[in-house]
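Following: one structure in C-alpha cells, then a few remarks.
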Amino acid sequence: MSEPILKISRVSKSFGGLKAVRDVSFEVAPGEIFGIAGPNGSGKSTLFNIITGIPFGPNAGEVWFKGKRIDGQPAFKIARMGLSRTFQKDAEFPDLSARETLAVSAVFCGGLDRRQAAERSEEAFALVSFAPHRRDMASAGLSVFEKKQLMIASALVSKPDILMLDEPASGLTKPEIQALDTLLRNVNAAGVTILLIEHVLTLLMSVSQRLLILNQGQQLAEGEPRAVMRQPDVIEAYLGKRTQ
Amino acid sequence: MNSIVATLVSGILLGSLYALMASGLSVVWTTLGVFNFAHGALMMIGAYAAWTVSEGMGLGLLPGILAGVAVAALCGIVIEYLLIRPFYGTRHMLLVTVMTTLAALIILEKGAQLIWGAKLKQLPRLVTGDVSIFGATISWHEAIIILLAPIVLLLLWRFTAMTNRGRSLRAVGQNQDSAALIGIDVPYAFAIAFGLAAALAGLTGALLGSIRFITPVMGSEPLVKAMIVVIFGGLGSLGATAGAAYVIGLLEAFLILWLGLYWTPFALFLLMIAVLIFRPNGLFGRA
C-alpha cells in the first residue's frame, strides 16, 4: 500500500466501565473506499467520533492524517485540514437553506471568498445531483434523500481529502440507495478518499475496496470485502453461533 | 385624541428601547442556548462608560456612545470567556449559566457602585429641542431612538441572514457538532454572539442614559421587560423578538393610560402567562 492518508494506531475509548473501542488500528490509502461494518453497538460511530474529534477524542492511541497527528486537535481544525464527515441523523441546520449551508462550509472550511464559495457550491450541488429549484428552501423542508445529498455536498464543498460517511443509506429506498451508490463512485472518482460505515451490506460490498469489521469495540477482520465476509467469526458476529 | 396619539408615540418609543435590548438577549439565546441575566448590567456599563468619556473626559456624546458600545462588548466577551465557556457541554448548563450570569450581574452592579459612586448621573441628549408628531410632543433625542431602533434591527437581521459570519452563528445555534464539522470555530462564534449582544446592550444603555438617570441598577427593570419580550415573541427568532418588543411597548403605554402605572406590570405578566398557556412557542414563534 502507498503512504497512508489516514493512520489509526491502537485507539481506545471508554465510557466509565464500558470499553466502546478497544485497541483498533488500520490504515487507509489515498483514493480508496474503505468500508467499516459491524453489528449495532460495535463501536463504528464511536470510531468516527474519535477520528474527527466530535464530540470526543480517544482515551489512548494515535490518529494520523496526511502525516500529521490530529488526535487532540479541535474538530474545526481537523475539518479545515481536509477531513470531512457526515452524521447518521440528517438536517444539520434546519433553518438554513441548502445554498446557505454550502456557502458557510465553503467559506469556513474551504477558506474561500464569497464569489469562490458560490462557484464551489454549484460544483458540489452538481456532483451530488441536488435539484436546482430546491437549493433555496430551508433544509427542514427537504426530503430524506435530499438531506443526505445536502450533507454530502456540504462535506464536499471544501474539497476534502477524506469524506467519512456514517450510514448514509439509512432511511433510503432501493432506487435512492442505487443513486447513492453512483454518487459515492462519482465522488471517489473525483479523487476523494471515502470511509464508509453502512448497515446496507449490498451498498457497502458494492463500493468498498477494503473492509474492516468491528465487534464489541474490537477489530474482528480486515481485508478484501468478500473474503472478510466469508470468515466464520464475521458470520458468527452477524448471525450468531451455529447450533448443532 | 391627543392622548391616544401621545400614548402611541410613547408606546413606539418604549418598543424601540425594548427591541434594542431584547434583540441582544435573543442573539445570545439562539446561538448559545443561554439566558443572560447580566444583559441589563451590560446596558448599565454601556451608559457609565458613555458618561465617563462624554462628561468625565469631556470628549462629547458621540465618542461617549461609541465607548459605551465598545466597553459593553468587551465586558460581554469577558463574561462569556470566564463565566459561560467553562460550562459548555456540561450537564445542567442552562441552570449553571443562570447562576453564573446572575453572579456577573451582581459583580457588575457592585463594581459600578465602587467605581462611579452612588450619585445619579445623566448623559446630555444627542440633539436638544422637541418635535411634534401628529400633535404629540417628544424630544428630538427620543425621536432619534425611534428612528435608530429599526435601522439597528435591520442591520442585525442583515448580518445574521446575509453574511456568512452571521449564518455561521445561526448554524452554531442549530447544531454545534455539525457546525464544527464545516470548519466553524464554535467557541469563537460564541464570543462573537455574546460580544454583539453586549454591544447592543451598551448602545441601549448609552441612549437610555440621556432620558433616565444612570445608576448601578438601571438595567434591572429593562432586563425584566426584555425577557417578557423575548418569551412573548417566541424564543429563537429575531423577527419575533422585534415584533413582540413593539407590541409590548404599545401595550404598556396603553395599559398605563387605562390602568395606571402600578397595575401595568401585573397586567403585562398576566398577559405573558396567558400567551405561554395558549401559545407555548410565543406569539410569533413556530411550533
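All values below were derived from every heavy atom in this structure, side-chain atoms included, with hydrogens, water molecules and symmetry-related copies excluded. Numbers restart at 1 for each chain; the letters A, B, ... are given by sequence-line order, proteins then strands. These figures come from a predicted structure and were not determined experimentally.
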Do other residues, nucleotides or ligands put more than 12 heavy atoms under 6.0 Å from [X] [atom1]?
X	atom1	value
A:Phe15	CZ	yes
A:Lys7	NZ	no
B:Tyr81	OH	no

Checking B:Gln174 side chain against A:Asp95 main chain: does a donor-acceptor pair fall under 3.5 Å?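 Yes, because the side chain of B:Gln174 sits within donor-acceptor range (under 3.5 Å) of the backbone of A:Asp95.
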Residue pair A:Phe93 / B:Val172, side-chain heavy-atom distance below 4.5 Å: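 They are not in contact (no side-chain heavy atoms under 4.5 Å apart), so the answer is no.
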Would you indicate whether the side-chain heavy atoms of A:Phe76 and B:Ile184 approach each other to under 4.5 Å?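 No, every pair of side-chain atoms sits at 4.5 Å or beyond.
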Smallest separation among heavy atoms of B:Leu181 and A:Arg85, with atom names: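 In terms of heavy atoms, the two residues are closest at CD1-O, 3.5 Å.
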Heavy-atom pair with the smallest gap, counting every atom of A:Arg80 and B:Asp185: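 Heavy atoms only, the tightest pair is NH2-N, 4.1 Å.
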A:Thr52, A:Thr101, A:Val104: which one forms the most heavy-atom pairs within less than 4.5 Å of chain B?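 That would be A:Val104.
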So which of B:Gly173, B:Ala180, B:Ala179, B:Pro187 has the largest heavy-atom pair count under 4.5 angstrom toward chain A?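 If we count pairs closer than 4.5 Å to chain A, B:Ala180 comes out on top.
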Listed once per pair and sorted, the side-chain hydrogen bond (donor to acceptor under 3.5 Å, both in side chains) pairs that draw on residues 104-118 of chain A, sequence neighbours left out: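 Listed once each, the pairs are A:Arg115-A:Glu119.
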How long is the straight-line distance from CG of A:Leu96 back to CZ of B:Arg170, given to the nearest 0.5 Å?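 CG of A:Leu96 is found 4.5 Å from CZ of B:Arg170.
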Chain A neighbours within residues 156-166 of chain B, where any heavy atom lies under 4.5 Å away: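 Listed by number: B:Ala161, B:Met162, B:Thr163, B:Asn164, B:Arg165.
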